[in-house]
Participant: 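This is the structure, below, for whatever I ask next.
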Amino acid sequence: MERCESNLALVDFEQVDQDAYSSGYESTPSDSESSTPTHKLQSNKLIPISYNRDPVKIKEKMSYRNTQALTEQLKVISSIPELCDVTFEVGSEKVKVHGVKAILGTRSRVLYNLILKKQKEAEFQRKADKKDKKNKKNKSSIQSDKVTIVVKKYEPEDFRKIIQFIHSGSVDINSSCVAGILCGASQFGLDDLERACWDFVNHSVKSGTISKVIPAAKRYRHHKTGQILLEKIFSETQQSVDL
């Protein structure tokens, strides 16, 4: 699938239509009474109209967008832990994938509720620690506003791509990651990303390359969306796959 990128430097100028207002000037009645064209040109003088004395207002607006630069900068955020306040520990090896709470919460309602739940759990734990006499003596305990979330059912690189899309609105989809991204898009309510993944799957069916998607789809058979993907592959190709 080709990568879609935003256009740069989109500039729009908006002006009020000339017909939308009076110029404040009109020809004298003597113009229509002129007998010859030469005489008409000489007498065609303009005088101001008394009922419209306000100056003409022409509104202009220029909109500049450089979304590609913004996208690239937002991609960098998740690679700098110091700028992030959410850490996902992904897979059996607990690979760390970082994110920004404000971006994650505004882009996905599911992640918003998950982060809020983790924050409440952390606050409850801090209150419990204060009541523990042992923790009172341990002055080295550090309180942090950072949230840690364990993610077990995703491949680390697939989950990293999902978080990248949430932050920047851009991601590259291929046969090896489409299943994981599709499951994540479905789980976290990213409808536009889910549609893009299905478009990739349909394109793979038409181009005869859908077999490349099967290994990734099998890795996500424990997801409901992964099961749907495997069923679609079987129905489209009649190829035997383990459902």
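Computed from a predicted model, the values in this text were never measured in an experiment.
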Participant: Begin with the C-alpha distance, continue with both residues' side-chain angles, and end with the deciding distance and a verdict on side-chain contact (heavy atoms from CB on, under 4.5 Å) for Glu89 and Thr148.
Facilitator: CA-CA 7 Å; Glu89 296 181 348; Thr148 300; 3.7 Å; yes
Participant: Give me the atom names and distance for the closest heavy-atom approach of Thr106 to Ala102.
Facilitator: OG1-O, 2.8 Å
Participant: Please say which of Lys94, Lys96, His98 ends up in a side chain to side chain donor-acceptor pair (under 3.5 Å) with Thr87.
Facilitator: His98
Participant: Is any side-chain heavy atom of Glu123 less than 4.5 Å from a side-chain heavy atom of Arg126?
Facilitator: yes
Participant: Is the shortest side-chain N to carboxylate O distance from Glu121 to Lys118 below 4.0 Å?
Facilitator: yes
Participant: Can you see which heavy atom on Ile233 is nearest to which on Ile210, and at what distance?
Facilitator: CG1-CG1, 3.9 Å
Participant: Does Lys153 NZ have over 12 foreign heavy atoms under 6.0 Å away?
Facilitator: no
Participant: Give, for atom CD of Glu155 and atom CD1 of Ile162, the distance between the pair rounded to the nearest 0.5 Å.
Facilitator: 11.0 Å
Participant: Which atom names give the shortest non-hydrogen contact between Cys84 and Ser78, and what distance separates them?
Facilitator: SG-CA, 4.0 Å
Participant: What pair of heavy atoms forms the shortest contact from Asp158 to Gly180, and how long is it?
Facilitator: OD2-CA, 3.9 Å
Participant: State whether the side chain of Ser186 and the backbone N or O of Leu182 hold a donor-acceptor pair below 3.5 Å, judged by distance alone.
Facilitator: no
Participant: Is Arg107 reaching over with its side chain to a backbone N or O of Ile166, donor-acceptor style, under 3.5 angstrom?
Facilitator: yes
Participant: Ring centroids only, cut at 6.0 angstrom: are Tyr220 and His223 within range, meaning strictly under it?
Facilitator: yes
